[in-house]
Every structure is written in structure tokens, then in C-alpha cells.
Colleague: 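Would you mind keeping the following structure in view while I ask a few things?
Quick caveat: nothing in here was measured; it's all calculated off a predicted structure. Chain A is the first sequence line, chain B the second, and so forth, proteins listed ahead of strands; every chain is numbered from 1.
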Amino acid sequence: MNNKNNVSGKVAMFGCLLGAALILGYVEALIPIQIPIQGVKLGLANGAVLLLLYLFDFPSALIVSLLRIVLSGFLFSSLTAILYSLAGGICSILVMWLLKKTRLFGVIGVSIAGAAAHNAGQLLVAAAVMGSWNIFLFYGPVLLVSAVITGTLIGIAVKELLPRLKGILRGDKL
Amino acid sequence: MKKNDWILAGAVLAAALCLFLWQRTGRKEGSLISVSVDGQITDTYSLSSDQTVLIRGADGFCRLTIRDGKASVTEASCPDELCVMQKEISSQGETIACLPNRILITVEKGGESDYDAVAQ
């Protein structure tokens with residue numbers, strides 16, 4: 001990716017990851033294990049955003065993340081859902097970007113922080129919409145614990161994928 | 001995993017524990033259920049009388065059932081029905097939220113102070 005001529009490779013990778021993020025978010029909803037708490041989910045789509053953050057830069061990851069949220073919102077859910085997703089998505093990507101910049105944390109740490117920020121952002125919007133801070137106390141603990149678990153899983157996946165995708169971008173054969 | 005990653009995971013878990021303990025301390029049984037839609041309290045119901053009520057929200061409805069001093073949502077119009085899957089609530093401050101319908105069901109202390117809540 002240091003090669004400036006590889007614009008087409010970059011565009012292709014953007015498209016692939018946007019498509020992947022979009023469909024992963026949908027596939028995730030089909031997983032039959034339902035946890036009876038709003039907001040607890042694996043966050044596969046966040047994995048794609050994390051990949052972009054590490055493969056390219058903050059603007060690329062932000063653009064793909066916003067596109068994914070708006071597209072999946074209109075395709076699969078409602079306007080309200082877009083509001084929640086945007087709050088979560090923006091919090092998450094900002095925190096992941098900042099933590100990555102500090103160079104203190106590995107991919108898994110950044111992923112956990114992103115998941116926690118995502119859930120915190122959604123809770124903030126929920127608390128604002130509902131006009132009640134109770135929601136923070138009652139959903140916060142579960143959502144934070146789940147963020148550590150899902151964040152770790154996604155982090156491991158991204159850590160494994162990164163060297164392979166970097167290879168593809170460099171033009172290595174698969 | 002880097003050492004810092006572990007510290008970060010630990011910090012998030014510690015934050016969760018703090019919130020949990022804060023929520024647990026001073027938890028008492030409530031006697032009143034307040035229902036709010038879009039942040040406005042629309043109705044209150046006594047936990048001591050068994051009843052079923054239909055709550056109209058922003059996009060649909062959910063059915064609140066009060067039975068044996070505990071409240072739960074037994075039916076909802078939203079596709080995921082996450083509110084239906086939540087366990088019954090009876091302690092002060094406990095909440096069931098139905099985000100698509102913007103319905104919030106909260107257990108209140110009841111007694112004298114519930115008049116303030118209703119008057120708001």
C-alpha cells in the first residue's frame with residue numbers, strides 16, 4: 001500500500017470491505033443465539049472497520065463505516081436504528097483511531113475499546129431518547145462485559161486477517 | 001495480546017463492576033410501575049394488582065403484564081422482541097426498554113413520592 005500506483009487495489013479493497021461489512025452486519029442478525037439484552041451482538045461489521053483503520057487510514061475507515069451504517073439502516077432496519085448505529089459507530093471509530101495512534105495497544109486492545117465505546121455511545125443515545133439515566137446503570141454492566149468478549153473475538157480475527165490482506169495489497173499471490 | 005490490552009480489558013470490566021455495584025446498592029422493592037414513551041411518563045400502574053395493559057409507543061405497541069408483584073413485557077410489535085425476552089422486574093429503578101417503540105418501563109418506589117412522578 002506504499003505504492004502510490006495501487007489506487008485500483010485500494011478501491012477494490014474498499015469495495016470488498018464495505019460489501020463485507022454490510023453483509024456481515026446482516027448475517028450477524030441471523031445467528032440464532034439471541035441474548036435478551038438490547039445491543040449485545042458480535043460486531044462483525046466493526047471488524048471490517050478495524051481492518052480499514054489498520055490497512056489504510058482514519059478517513060477511509062470513517063467513510064466506509066458511515067456508508068455501511070446508512071446503507072444497512074435503509075436496507076435492513078429503520079431510521080431509529082440508523083441513529084443508534086451512527087452514535088455507536090462514530091464513538092467506536094474515534095476511540096479506536098485515538099488508541100491506535102498512541103501505539104500503546106495491540107489490535108485486540110483497540111478492538112475491545114472500540115466495542116466498549118460503541119456500546120457506550122448507543123447507551124448515551126438511548127438515555128437521551130428515553131430521558132432516563134437509569135438505562136445506563138441497568139444495561140451498562142452487561143454491555144461493557146459483552147464488549148470485552150466480542151471485542152476480543154473480533155480483535156483476534158482482525159489480527160489474523162491483517163497480514164494476509166497486507167500481502168494481497170502488496171500484490172503477493174494468494 | 002499485549003500487556004496493555006489486558007490492562008484495558010481489565011479496566012472495562014472494572015467499570016462494568018462499578019456500575020453494577022452502584023445499581024445494586026440501596027436496591028429496594030418498588031411498588032409502582034411507570035411507563036414512559038419518548039421520555040414522557042404516560043401512565044403508572046400499581047405492582048400489587050395483577051393486570052395486563054397495552055402500551056402504544058412510537059412505532060407500535062407492547063403488552064405489559066403485572067403478575068405476583070412483578071412486571072414483564074409479554075408481547076411486542078417489534079421484530080426482535082428483545083423486551084419480551086427480558087426477565088421480570090420488581091426492584092426500584094429496574095427497567096425494561098423497548099427501543100423501537102421508545103417505551104421505557106421502570107419500577108418506582110411508589111408511596112408518597114409517586115405523585116411527583118405523575119405530576120411531571
Colleague: Which heavy atom in A:Arg103 sits nearest to a heavy atom in B:Lys2, and how many Å separate them?
Modeller: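 Smallest heavy-atom distance, with atoms named: O-NZ, 3.9 Å.
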
Colleague: Under a 4.5 Å side-chain heavy-atom rule over Ile, Leu, Val, Met, Phe, Trp and Tyr, are B:Leu64 and B:Ile89 clustered together?
Modeller: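 Per the 4.5 Å side-chain linkage, B:Leu64 and B:Ile89 are co-clustered.
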
Colleague: What part of B:Leu21 lies closer than 4.5 angstrom to a heavy atom of chain A: side chain, backbone, both or neither?
Modeller: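 Looking at B:Leu21, nothing touches chain A.
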
Colleague: Pick one of side chain, backbone, both or neither for A:Ile156, based on which atoms fall under 4.5 Å of a heavy atom in chain B.
Modeller: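 For A:Ile156, no heavy atom lies under 4.5 Å from chain B.
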
Colleague: The test is side chain to side chain contact (heavy atoms under 4.5 Å, CB included); show your working for B:Leu8 and A:Leu99 and say whether it passes.
Modeller: CA-CA 11 Å; B:Leu8 188 114; A:Leu99 284 200; 3.8 Å; yes

Colleague: Does B:Leu13 share a hydrophobic cluster with A:Val95, counting links as ILVMFWY side-chain heavy atoms below 4.5 Å and allowing steps through other members?
Modeller: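 Yes; A:Val95 is reachable from B:Leu13 via cluster members.
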
Colleague: Please state whether the side chain, the backbone, both or neither of B:Ile103 comes within less than 4.5 Å of a heavy atom of chain A.
Modeller: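 B:Ile103 touches chain A through backbone heavy atoms alone.
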
Colleague: State yes or no: do B:Ile66 and B:Leu32 share one hydrophobic cluster built from I, L, V, M, F, W and Y residues joined by side-chain heavy-atom distances below 4.5 Å, directly or via other members?
Modeller: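 The answer is no; the residues belong to distinct hydrophobic clusters.
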
Colleague: Between A:Ala113 and chain B, with a heavy-atom cut-off of 4.5 Å, which part of the residue counts as in contact: side chain, backbone, both or neither?
Modeller: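 The answer is both parts of A:Ala113.
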
Colleague: Please report the shortest heavy-atom distance between B:Val12 and A:Ala116, naming the atom on each side.
Modeller: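 Scanning both residues, the minimum pair turns out to be CG1-CB, 4.2 Å.
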
Colleague: Counting heavy-atom pairs under 4.5 Å with chain B, which one of A:Val145, A:Ile112, A:Leu104, A:Val107 comes out on top?
Modeller: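 Result: the option with the highest number of such pairs is A:Leu104.
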
Colleague: According to a 4.5 Å side-chain heavy-atom criterion applied to Ile, Leu, Val, Met, Phe, Trp and Tyr, with indirect links allowed, do A:Val49 and A:Leu17 form part of one hydrophobic cluster?
Modeller: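 As far as the 4.5 Å side-chain criterion goes, A:Leu17 and A:Val49 are connected within one cluster.
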
Colleague: In this structure, would B:Leu54 and B:Val73 fall into the same cluster of hydrophobic residues linked by side-chain contacts under 4.5 Å?
Modeller: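 Per the 4.5 Å side-chain linkage, B:Leu54 and B:Val73 are not co-clustered.
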
Colleague: If you look at every heavy atom in A:Pro141 and B:Phe20, which pair is closest and at what distance?
Modeller: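 Nearest heavy atoms, A:Pro141 then B:Phe20: CG-N, 3.6 Å.
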
Colleague: Is B:Asn4 reaching over with its side chain to a backbone N or O of A:Phe105, donor-acceptor style, under 3.5 angstrom?
Modeller: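 Answer holds: no.
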
